[in-house]
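All remarks here apply to the structure that follows.
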Number of protein chains: 2
Amino acid sequence: MQPFDVLNPACPSRTVLRHLTDRWTPLVVGVLAAGPARFGELRDQVGGVTAKVLTQTLRSMERDGLVVRRALATMPPRVDYELTALGRTLVEPLDALRGWAEQHAGEVLEARSSYDEATL
Amino acid sequence: MQPFDVLNPACPSRTVLRHLTDRWTPLVVGVLAAGPARFGELRDQVGGVTAKVLTQTLRSMERDGLVVRRALATMPPRVDYELTALGRTLVEPLDALRGWAEQHAGEVLEARSSYDEATL
DNA sequence: GAAACCGAGTACCTCAAGGTAACCGAAAGA
DNA sequence: TCTTTCGGTTACCTTGAGGTACTCGGTTTC
C-alpha cells in the first residue's frame, strides 16, 4: 500500500529522511515552529551555525517545500522565513526527537562513561 | 527546569541529537523495534549498509546505552542485538520521522521539481 | 584438503558537508 | 567620509563519516 520504504537504499524516501536529519534542519524547524523569523534571528537563536551554512540549509528546505522565503527590497534588506503547511507537519516529529535528546541526554552520558570505564 | 538545550552548541544534548540522526541509527532502531536480530539479519534488512559501518553504528549505539550485544561463543559465531529499555523509548519518535519521510516523500519530490523548474 | 560460514578488524581512500575569511550593495547614522 | 547594517556570495580549506578491499578464526561440509 505504501510505495516508499526507507529500508530500500534506492527509495527516494531515504534521501528525504537524510535531509530531515541533517545537522541544522531539526534546529531550524524547532525555531520556526514558534512563528516566522528573520534571517538574523535564526542565526542568533540556532547556536553555532554560520551564515553560509544557514543559507544553504534554508535554501534546501525551501526547495523541499518546508519553508517559504519572503525577501523585502528595503535597505538594509529584510528576509523572513516561515514554515509551509508541509513544514508544520514536521514540527511534531522533530520536536519529539529534540525532546528525547534533551530528556535522555543524561542517561546517554552515563551509559557512555560506564561503557568507557568497562573497556579500559 | 530542563538543563539541556539543543540550541546551545556546547550542550551535550546537541551531540546526542546528532548521534540519533546519523545515517544508519534510525534505520537500525526501526528494524530492532520488531525484536532482537542477528548481525547478518540487520545487514540484510538495512539496505545499503556495509558490515564495517554497521559494526561501527552498533558499537556506538551500544556505548550510548541504546542496544545490548550478546555474543554466543558457538562456531560459527552468533551475535544478537536487542534494544535496551532506553533504546525502546526511541522507537516511537524515530518511527514517526521514518513515517513522515515515507508519507511525504511524494510532496517533497514535487516541491523540488517545481522549485527547480522555477529557477531555471 | 579445500571451501563456506559468521562477525568482525584494519589499512587505505574518497568525497561532500561544513567551516573560515573576504567581499558585496545601498542607505542611514556619526 | 567612514562605518554599520543585513543578508547574503564566493573561494578556499579541513575533517570525518563512510566506502572498498583484504584478512582472520575455528568448525562443519563437500
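In this text, all values refer to a predicted model and were calculated from it rather than measured experimentally.
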So, taking the atom named [atom1] in [X] and the one named [atom2] in [Y], what distance separates them when rounded to the nearest 0.5 Å?
{"X": "B/Glu92", "Y": "B/Arg88", "atom1": "CD", "atom2": "CZ", "value": "14.0 Å"}
{"X": "B/Arg43", "Y": "B/Thr50", "atom1": "CZ", "atom2": "OG1", "value": "10.0 Å"}
{"X": "B/Arg18", "Y": "A/Asp22", "atom1": "CZ", "atom2": "CG", "value": "9.0 Å"}
{"X": "B/Arg112", "Y": "A/Asp64", "atom1": "CZ", "atom2": "CG", "value": "4.0 Å"}
{"X": "A/Thr119", "Y": "A/Glu117", "atom1": "OG1", "atom2": "CD", "value": "9.5 Å"}
{"X": "A/Thr57", "Y": "A/Glu62", "atom1": "OG1", "atom2": "CD", "value": "12.5 Å"}

Pairs flagged by ring-ring contact (aromatic ring centres under 6.0 Å, His included) wherever residues 92-120 of chain A is involved - sequence neighbours left out: A/Trp100-A/His104
Can you pull the ring-ring contact (aromatic ring centres under 6.0 Å, His included) pairs that have at least one residue in residues 18-47 of chain B, sequence neighbours excluded? none
Would you kindly say whether A/Ser113 and A/Asp116 are connected by a side-chain donor-acceptor distance under 3.5 Å? no
For B/Arg38, does its backbone N or O pair with a side-chain atom of B/Glu41 as donor and acceptor, under 3.5 Å? yes
I'd like to know if the side chain of B/Thr74 reaches the main chain of B/Pro77, judged simply by a donor and an acceptor atom lying under 3.5 Å from each other, with no hydrogens or angles considered. no
Please report, rounded to the nearest Å, how far the P atom of D/dG16 is from the CD atom of B/Gln56. 14 Å
Atom-to-atom span, CG of B/Leu72 to P of D/dT27 - whole angstrom: 16 Å
Interface residues of residues 11-30 of chain B with DNA chain C (non-hydrogen, below 4.0 angstrom): none
Of residues 73-81 of chain A, the positions that come close to DNA chain D - non-hydrogen atoms, cut-off under 4.0 Å: A/Pro76, A/Pro77, A/Arg78, A/Val79, A/Tyr81
Strictly below 4.0 Å, heavy-atom distances to any atom of DNA chain D: list the hits from residues 31-53 of chain B, or just say none. B/Thr50, B/Lys52, B/Val53
Step by step, would you call B/Leu42 with B/Leu58 a side chain to side chain contact (heavy atoms under 4.5 Å, CB included)? CA-CA 10 Å; B/Leu42 283 170; B/Leu58 288 167; 4.0 Å; yes
Min and max contacting nt of DNA chain C in 5' to 3' order, chain A heavy atoms within under 4.0 angstrom, are C/dG18 to C/dA27
Test A/Glu102 against B/Val6 for side chain to side chain contact (heavy atoms under 4.5 Å, CB included), laying out the working first. CA-CA 7 Å; A/Glu102 292 177 344; B/Val6 290; 3.6 Å; yes
